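In what follows, chains carry the letters A, B, and so on, assigned in the order in which the sequence lines appear, proteins first and then strands, with residues in each chain numbered from 1. Just so you know, these numbers use all the heavy atoms, side chains as well, and skip hydrogens, waters and symmetry mates. On a predicted model such as this, the values are computed, not experimentally measured, just so you know.
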Amino acid sequence: MIAFILRRLMQAVVVMLTVALISFALFNFAGDPINNMVGQDVSLADRERLREALGLNQPFWVQFGIFLQNALQGDFGLSYRLGRPVEDLIVERLPATLELSLTAAALAVFIGIPLGVYTGLYRDTWLSRVFLTASLAGVSLPTFLIGILLILIFSVELNVLPSFGRGETVEIGWWTTGFATWSGIKALILPSITLCLFQLTLIMRLVRAEMMEVLRTDYIKFARARGLPDRKVHFGHALKNTLVPVITVIGLQFGSIVAFAIITETVFQWPGMGLLFIQAVNFVDIPILAAYLVLIALFFVVINLVVDLLYYFVDPRLRVDRTAAGGEATP
Amino acid sequence: MTKRIALFALSATIAMGVAMAAAEAKPFRYSTAQDILGLDPAINNHGPTNAMKSNVYEALVYRSAPGPLEPGLATEWQQVSPTLWKFNLRRGVKFHGGQDFDADDVIFTWKRLSQQTAEMQYTIRSIKDVRKVDSHTIEIETTGPDPTLLANLAYAFIMDEGWTTQNGGERVVAGAQASTFVNLNANGTGPFRVVERVPDTRTVVEPNPNWWGKHEHGITRATFTPIANPATRVAALLSGELDMMYHVPLQDIDRIGQTQGIRVMPGGTARVIFLGFDHRRDEMLDMPGTGKNPLKDLRVRQALYQAINIEAIRRTTMRNSSTPSALMIAPSVEGFAADQNVRAPFDQAAARRLLAEAGYPNGFPLTLNCPNNRYVNDEAICQNVVTMFTQVGIQARLNAMPMPQHVNTAGPTGGYNSSMYMLGWTPATLDAANPLGELLTFNEQTRLGLANNWGRYSNPRVEALTQQILVEPDTTKRRALIREAMTIVRDDVAYIPLHLEPQVFGIRDTVADYQLRALEDVDLRSVKMR
């Protein structure tokens with residue numbers, strides 16, 4: 001197990017280094033940030049002076065080396081646009097994105113799994129058909145369209161929920177939360193639904209397919225033959241055995257919820273990291289872009305590791321020592 | 001159950017109380033796509049940012065919405081000699097933090113703005129010295145006669161010496177290092193004081209009760225929220241979460257105008273959208289190996305001009321919201337003459353004839369470089385233009401990119417790597433001297449025009465006139481000089497002016513009146529709440 005984790009960590013380091021290099025290289029060629037930082041009528045001499053002050057005139061590898069060295073200490077430089085340390089900006093935005101993503105992930109899991117189980121067990125009821133048809137909309141409509149539609153219905157027509165922003169937030173240490181106020185919770189509803197819809201339908205369809213598969217297996221038939229109650233058969237035996245692929249998907253999807261909250265955040269002007277990223281793209285704000293990509297890569301790497309470890313708890317077969325299980329011949 | 005009902009009743013009462021309190025006060029909530037860039041008055045020369053600074057800070061003079069200069073922190077002024085001005089400062093003025101305003105603050109601000117890192121340095125560029133006569137009188141000496149001094153001073157916002165030095169703001173920190181106290185906080189003398197600023201989320205200001213002027217806006221609290229997505233911005237206005245927003249996307253004008261309780265206010269800006277030519281290269285980039293640059297021929301430039309059906313662009317792409325222009329300056333700019341603003345007619349036959357006369361009866365290849373995220377419908381306009389060029393036989397091609405890449409290609413950092421390009425220009429000083437120096441001069445010695453005259457148009461007569469215009473104090477003579485320069489530029493087809501950038505505001509009936517400004521920004525003094 002320790003060897004496994006170590007191997008995974010080694011891979012993670014390689015992934016992180018590659019992402020750092022690519023993101024840094026990519027954005028180094030995405031337009032001259034000086035043009036965005038200064039007004040149009042600033043002289044060329046002033047531009048050169050600024051370029052020198054920011055170290056933008058140094059060779060690529062030198063710039064990358066400095067970037068890595070600082071990044072390891074959690075220092076991603078100063079945002080060109082906002083003129084503040086990038087790590088501060090990210091820490092400021094992280095609560096907004098995490099609250100939104102966690103709410104969306106929770107909705108997806110706690111609605112998606114029961115719906116999947118239900119539609120798997122009772123495939124032919126009309127309610128199942130309704131769920132399945134509705135889920136088609138969830139997987140096929142693009143996120144921004146869903147967001148705009150929800151805004152149109154609940155903000156413009158019904159006028160019950162806010163169309164943008166996070167509402168009133170409360171500060172708890174460095175964390176700002178929207179859960180503590182009514183307006184914060186109201187502001188969370190539309191974006192989290194928008195963000196969770198795709199994941200919800202994906203989980204529901206996956207659980208349904210897995211359930212139908214498992215329900216056909218022999219041990220379920222035996223469990224029924226033994227006279228176990230339905231609840232125990234469905235949830236204790238069937239659902240538990242569908243969970244390995246479901247956990248993988250939920251884990252990876254959580255990574256993409258965080259990473260792709262960009263669109264939802266843009267539609268709802270949600271002051272999270274995604275909005276910061278989009279604004280940074282428009283502004284060629286290299287420090288933010290690089291830091292964001294590195295952070296998201298870190299997210300994925302960590303989530304993958306956690307998912308791998310979770311397998312051990314869910315699937316007893318993995319806990320058995322492989323060599324012993326393989327029955328390796330002894331000399 | 002009863003407990004739950006009681007709780008519900010209680011929360012409903014609270015909610016209603018909050019709603020009623022909100023209805024009594026007159027909060028003004030407004031939005032646009034981009035956030036302001038900071039509060040330090042010496043940096044960030046950016047329209048909406050300058051407008052927010054001017055809500056909080058004041059300069060010696062104030063430019064009101066229609067344009068004229070009014071007294072600000074100076075009550076009156078006189079020009080003692082061509083290079084010497086005397087200003088009487090307003091007495092009894094206090095900064096938001098309670099500090100007294102006097103001549104020392106003006107001198108401090110001038111010295112602070114003189115630093116190399118101060119982007120707003122242009123506002124005091126012609127000033128040689130500022131002298132204190134007494135605590136509320138100053139003298140300003142300029143290096144030469146400067147007719148634009150007052151217009152520039154309207155953006156030299158006065159800071160308190162004590163507050164700035166105590167908070168380590170003496171040295172101006174530009175661009176990347178601007179996480180300074182003075183850029184995140186503000187202490188001005190203006191009609192509004194900053195209550196809260198969360199970058200990219202909101203900036204909240206409240207009226208300054210000790211302001212010397214009269215508050216006529218009726219605002220009790222103003223909240224500025226940037227909303228990047230235009231559809232969300234429209235929705236927020238429709239749902240009543242905003243009182244005013246700009247820019248309304250052109251395709252939504254009808255929808256918003258038909259909504260009860262909301263009106264649309266269109267207007268022109270001082271920004272001229274135009275096309276520029278490569279006037280310099282002997283061999284055009286699109287015609288390698290031929291040794292020819294057709295764009296150096298006046299007849300070709302004239303042909304391209306007359307190939308553009310500007311009315312069609314106004315009617316379809318711009319949905320009747322733009323104002324076609326024949327000049328490189330807008331009506332709100334000093335030096336504009338309405339009788340000069342007559343475009344050469346759209347005439348495809350004439351365009352073909354001119355091309356044939358110039359030796360290109362079968363046209364030539366031409367790439368038009370365009371931004372696709374900077375101006376209203378910029379890429380669509382360029383697509384139209386390319387089609388219209390094709391109709392007169394030019395093998396035209398569009399190359400649209402986001403603004404940073406566009407600047408990096410066609411601008412100085414890209415080696416002016418373009419045959420034809422689109423750009424927009426607003427003179428912040430609202431004076432013709434600015435575009436004449438920045439867009440119509442190319443002088444490697446003075447470095448004037450190197451940053452923005454991408455086509456490197458250069459005409460000795462225009463440059464001589466520009467030098468005169470920069471120092472001519474007599475308004476009538478100065479206008480005649482500007483007129484002459486503008487005529488040369490127009491007849492020479494130095495650029496193809498297209499139209500004035502539209503600005504369309506969506507306004508709720510909570511706002512009784514609003515006076516649009518030419519600079520695409522919001523001056524809270526121009527708002528009248530109902």
Side-chain angles (χ1 to χ4, degrees), chain A residues 30-47 49-50 53-54 77-85 88-89 92-93 96 144 147-148 151-152 154-159 161-166 169 182-183 266-269 271 275-276 278-279 281-284 287, chain B residues 11 15 31 34-35 37-38 43-46 116-117 119 122 173-180 183-184 198-202 225-229 231-236 238-242 373 401-408 411-414 423 425 428 434 437-438 447-448 450-452:
Chain A
D32 186 353
I34 301 287
N35 286 329
N36 299 298
M37 293 162 61
V38 298
Q40 269 175 320
D41 46 2
V42 168
S43 73
L44 284 180
D46 287 345
R47 283 163 198 258
R49 208 170 295 121
L50 190 57
L54 293 173
L78 290 157
S79 152
Y80 294 156
R81 184 173 65 103
L82 297 166
R84 300 178 53 208
D88 287 3
L89 288 168
E92 251 177 50
R93 308 302 178 98
F144 70 89
I148 292 289
I151 289 178
L152 195 66
F154 291 99
S155 303
V156 177
E157 296 301 330
L158 299 177
N159 220 336
L161 293 170
S163 59
F164 71 92
R166 237 188 129 189
T169 52
W182 181 226
S183 81
T266 317
V267 170
F268 290 95
Q269 192 69 24
L275 196 62
L276 186 71
I278 281 289
Q279 282 161 348
V281 168
N282 283 332
F283 213 81
V284 200
Chain B
S11 58
S31 173
Q34 260 194 353
D35 194 18
L37 301 176
I43 57 174
N44 298 323
N45 184 24
H46 167 250
Q116 279 294 346
T117 41
E119 211 181 305
Y122 77 91
V173 182
Q177 286 99 13
S179 52
T180 50
N183 200 34
L184 298 167
V198 186
D200 275 338
T201 306
R202 63 181 167 272
T225 319
I227 301 180
N229 188 315
T232 311
R233 212 158 60 234
V234 170
L238 292 175
S239 65
E241 291 162 87
L242 291 175
N373 63 352
M401 290 180 280
M403 189 63 176
Q405 282 85 326
H406 177 56
V407 175
N408 218 18
T413 43
L423 198 63
W425 190 262
N434 174 287
E438 293 291 337
R447 302 188 71 77
L448 210 54
L450 262 62
N452 299 296

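- Neither the backbone nor the side chain of A/Ile278 has a heavy atom closer than 4.5 Å to any heavy atom of chain B.
- Of all non-hydrogen atoms in B/Ala231 and A/Ile148, the two that sit nearest each other are CB-CD1, 3.5 Å.
- When A/Val267, A/Ile151, A/Leu276 are compared by the number of non-hydrogen pairs under 4.5 Å with chain B, A/Val267 comes out ahead.
- B/Ser239 contributes atom OG, which lies 11.5 Å from atom CG of A/Leu158 (distance to the nearest 0.5 angstrom).
- Neither the backbone nor the side chain of A/Arg166 has a heavy atom closer than 4.5 Å to any heavy atom of chain B.
- Contact annotation for B/Thr225: only side-chain heavy atoms (C-beta onward) come within less than 4.5 Å of a heavy atom of chain A.
- The candidate with the highest count of non-hydrogen atom pairs below 4.5 Å against chain B, out of A/Gly147, A/Pro271, A/Pro287, A/Pro162, is A/Pro162.
- B/Glu241 pairs by the salt bridge (charged side-chain N to carboxylate O under 4.0 Å, His left out) definition with nothing, not counting sequence neighbours.
- Every side chain to side chain contact (heavy atoms under 4.5 Å, CB included) that B/Ala228 has, sequence neighbours left out, goes to A/Gln269.
- In this structure, chain A has a heavy atom under 4.5 Å from the side chain of B/Leu242, while its backbone stays farther away.
- Between chain A and the residues B/Asn229, B/Ile227, B/Leu238, B/Thr201, the largest count of heavy-atom pairs under 4.5 Å involves B/Ile227.
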